[in-house]
There are 4 protein chains.
Amino acid sequence: MLDAAVTAFARHGYQAASMDDIAEAAGVSKPLVYLYLKSKEELFTACVRREVAALVAAVREGTRQRGLSADQQLWNGLTAFFAHTAARPDGVAVLYRARTRGEPFSREVDTMRIEVVVIVTALLGQAARDAGCAGKLAEREVSGLAHALVGAAESLAEWADSRSRTGLSGAEPSPDAPSANETAATLMNFCWAGLENLMKGARWVPGVGSGSAVARGPHGP
Amino acid sequence: MLDAAVTAFARHGYQAASMDDIAEAAGVSKPLVYLYLKSKEELFTACVRREVAALVAAVREGTRQRGLSADQQLWNGLTAFFAHTAARPDGVAVLYRARTRGEPFSREVDTMRIEVVVIVTALLGQAARDAGCAGKLAEREVSGLAHALVGAAESLAEWADSRSRTGLSGAEPSPDAPSANETAATLMNFCWAGLENLMKGARWVPGVGSGSAVARGPHGP
Amino acid sequence: MLDAAVTAFARHGYQAASMDDIAEAAGVSKPLVYLYLKSKEELFTACVRREVAALVAAVREGTRQRGLSADQQLWNGLTAFFAHTAARPDGVAVLYRARTRGEPFSREVDTMRIEVVVIVTALLGQAARDAGCAGKLAEREVSGLAHALVGAAESLAEWADSRSRTGLSGAEPSPDAPSANETAATLMNFCWAGLENLMKGARWVPGVGSGSAVARGPHGP
Amino acid sequence: MLDAAVTAFARHGYQAASMDDIAEAAGVSKPLVYLYLKSKEELFTACVRREVAALVAAVREGTRQRGLSADQQLWNGLTAFFAHTAARPDGVAVLYRARTRGEPFSREVDTMRIEVVVIVTALLGQAARDAGCAGKLAEREVSGLAHALVGAAESLAEWADSRSRTGLSGAEPSPDAPSANETAATLMNFCWAGLENLMKGARWVPGVGSGSAVARGPHGP
DNA sequence: TATGAATGAGAATTCATTCAT
DNA sequence: GATGAATGAATTCTCATTCAT
């Protein structure tokens, strides 16, 4: 039953998805929906929670393997993420929509983001240790980086999804659809060098010539 | 009048914002709103279009200066972007919300994304030329990178905005709020090294040890 | 099971009392209720009938004693009535509510009123005989007097009940609550002299000076 | 528009009267009803208030004439009351129903009852003065008497109304219907002698033989 | 031109009532 | 015999949208 709700919410948004439609799509009657979940809000909350849990679980599962280098772990997490978003586009869309519905819902999703931030922060910390000399990054900068990473990932996931839909309603995946691996690789290429540099204490600063536009931080050689 | 609509849509979302409220906030009567714009959808579209135009113009303005290195130009574009999002949070929120509404609206926003993709693509092309030997990037990869960049930027903008709101309703900016420059710097640090590498034909590949985890592409030394 | 229904109907009224609540309060399942009584209406009817019967029985019991003067018999009936309404406020409330529901229910209550009218009529007849020379009262006037009596009694019963509730939820009776005897005495004081006059053929007529504002009827001295 | 609501509420009660029906009966659309009165409760409240005001005004008007004896004033009030209830049976029915709907409404009606109590109390006071030697009645007894009077009046009004309806749907009044004057006379006959006695300090006490079953109070001769 | 007044269509939610077990 | 699970039908209320002026 939640499946039908997730699909409806994903396609039409919270307000536009009517309980009639959801019930019909679920193949049950409206009162039954109300029997299980007291209100539309609760139904939405339930959907959000389920999708948050599924997504977090997927990423967690991807990053479970210990003893890998930081980039490998990030890579694993990203592949898991993109695999999940490709497999459950509606679920992800619900999360996306939840962020635009006031406090109680966005809080739920933010909690998830925070979990990701924690994972990423841990990774960066490990990367820093791996890199020998840790340039201590301000907590705020780490938070900003994590948000950048999550935003980039979300955006890429949506892009990949939209690509996979271009092939009309055909069931087989469009050849335009990038695989989870490809998408993850794009993102790794996009960000890993920068993250690694930061770990080493090297950062980009404005006004220095391109090419080698990095300044060694205080801990640089 | 659009201002009132933008504010309302930003605060309550498309569905929850009622035409009554919008008309009242605009200080005109409802029929007048309908006289100028045929329907709620068109009103929303008009808002979206205006905000898209404003945002694109801001970014264009930022990247107008010719003769700069690619990273400087990107930097300029990003600072312009973050300055704009900080200055017009409601407008940006409307765009954000537009993406979660079906076809007609998201198309509008996608158009914007495409404009940005074009800009970024041009930048990357220039960067590649600057770097001497251009590793031809597949059109698809460029598109993906641009989406990653836009997503990261949007996410950071929202993050910066939420930080600036933590200081209650007080008028003065919260000390937690990162400046546009700081935010842009975070994003440059996040992505420039990777983009530059790609321009040189160097890319991250999975399974190679961390630290120097880049493989020179075919055009590498 | 009827007890639960009576309580529920008394507290929330016919419409607001839900079958769920009644079934739960009765400690049985809803289908069982439907097994015994075909519908909510029938359930309500059953409640009304039971309460009517109980009330009439109480009054009958009070007036059973023969050989008393008419006023003593009325007095006995009234004390019985007020004792009953004080003892079963919920039952009385159901009757009260039944009168505000359309035909099928009010008819039931009217039946009760008619029974009371019969009793009162008999009393008045006896009183007339006792008074020696009976002024034949029109059937309609008797009916009107009986309704007045019943209405006054109901109103006083409710008033007494509301007084007894002022003492909060405390179990002990509020000191404000008049006893059944007091209430009955009030009513006797209110109406007996008038009834007695009528039996004697004396009646109040408008336009005669107060104080002795009674005109002897045709059978008067 | 209130007229339609009053009719509907009178006929079906608060819950059973649907806003659809009310709107249709009023010849307007439902949203218009909501435009004028924010909710069903407010609509009901408005009806109740209007009917209370009308009824109180009618009675007030009836008792306006000063300088009359107490019984004449009561008589005038009662005639006005019964004329009003005969003229606006639906309005009265609404008041009747309002008493069974929890606090906010019953309070409204009780307020009216209190106004009547005040009037009656004043009358009784005057009667006592007229009678020369005032037997001070306890405040509680006066309240009880007033409730008895109001209850009797209501009951008679309803009875008169039901009589007037027996003639089917025919437009002309049923010959069974007692006139306001007749009904008022019945009530005066029912209660005035008793009230007058009380004013003189004479009261009925149980256990004394019928006929002259009044004991002179302390102020009696 | 600008609007006060009005509405059609549809939303969430509840409840008396019934099967299948 | 008793019930958990399920629903058809209504109810209150809202809102985008339009005339008549």
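These numbers come from a predicted model, not from an experiment.
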Ordered by number, residues from residues 3-12 of chain C within less than 4.0 Å of DNA chain E (heavy atoms) are none

Answer whether the closest heavy-atom distance between the side chains of A:Arg49 and A:Val52 falls below 4.5 Å. no

Check: A:Leu43 and A:Leu2 side chains under 4.5 Å, non-hydrogen atoms: yes

Please determine if D:Asp3 and D:Arg50 form a salt bridge, counting it only when a charged side-chain N lies under 4.0 Å from a carboxylate O. yes

Interatomic distance, C:Phe44 CZ vs E:dT17 P [rounded to whole Å]: 14 Å

So D:Val92 and D:Glu51, do their side chains get closer than 4.5 Å, heavy atoms only? no

Between B:Lys30 and B:Glu24, does any NZ, NE, NH1 or NH2 come within less than 4.0 Å of an OD or OE carboxylate oxygen? no

Does the pair B:Tyr14 and B:Glu41 meet the rule for a side-chain contact (heavy atoms from CB on, under 4.5 Å), with working shown? CA-CA 9 Å; B:Tyr14 175 77; B:Glu41 281 213 5; 3.1 Å; yes

Can you name the residues that form a ring-ring contact (aromatic ring centres under 6.0 Å, His included) with D:Tyr34, not counting sequence neighbours? none

Rounded to the nearest angstrom, tell me the gap between atom CD in D:Glu24 and atom P in E:dT7. 12 Å

How many Å lie between OH on C:Tyr14 and P on E:dC15, as a whole number? 14 Å

The criterion is side-chain contact (heavy atoms from CB on, under 4.5 Å); which residues satisfy it with A:Leu32, sequence neighbours excluded? A:Val28, A:Ser29, A:Leu35, A:Tyr36

Between atom CD in B:Glu42 and atom P in F:dA16, what is the gap in whole Å? 15 Å

Can you run through DNA chain F from 5' to 3' and write each base as (, ), [, ], | or . depending on how it pairs? Watson-Crick or G-U wobble, both distances under 3.5 Å. .||||||||||||||||||||

Are a donor atom and an acceptor atom from the side chains of A:Arg113 and B:Ser155 found within less than 3.5 Å of each other? yes

Footprint string (nucleotides 3-11 of chain F, 5' to 3'): B base within contact, S backbone only, - free, heavy atoms under 4.0 Å: BB-BBB-B-

Which class fits the ring pair A:Phe9 and A:Phe44: parallel under 30°, tilted 30 to 60°, perpendicular over 60°? perpendicular

Distance check needed: E:dT13 C1' versus A:Glu41 CD, whole Å only. 14 Å

Position toward the 5' end of DNA chain F (nearest nucleotide), D:Ser39 or B:Tyr34: D:Ser39

Considering residues at least two apart in sequence or located in another chain, which fulfil the salt bridge (Lys or Arg N to Asp or Glu O under 4.0 Å) criterion with D:Asp90? none

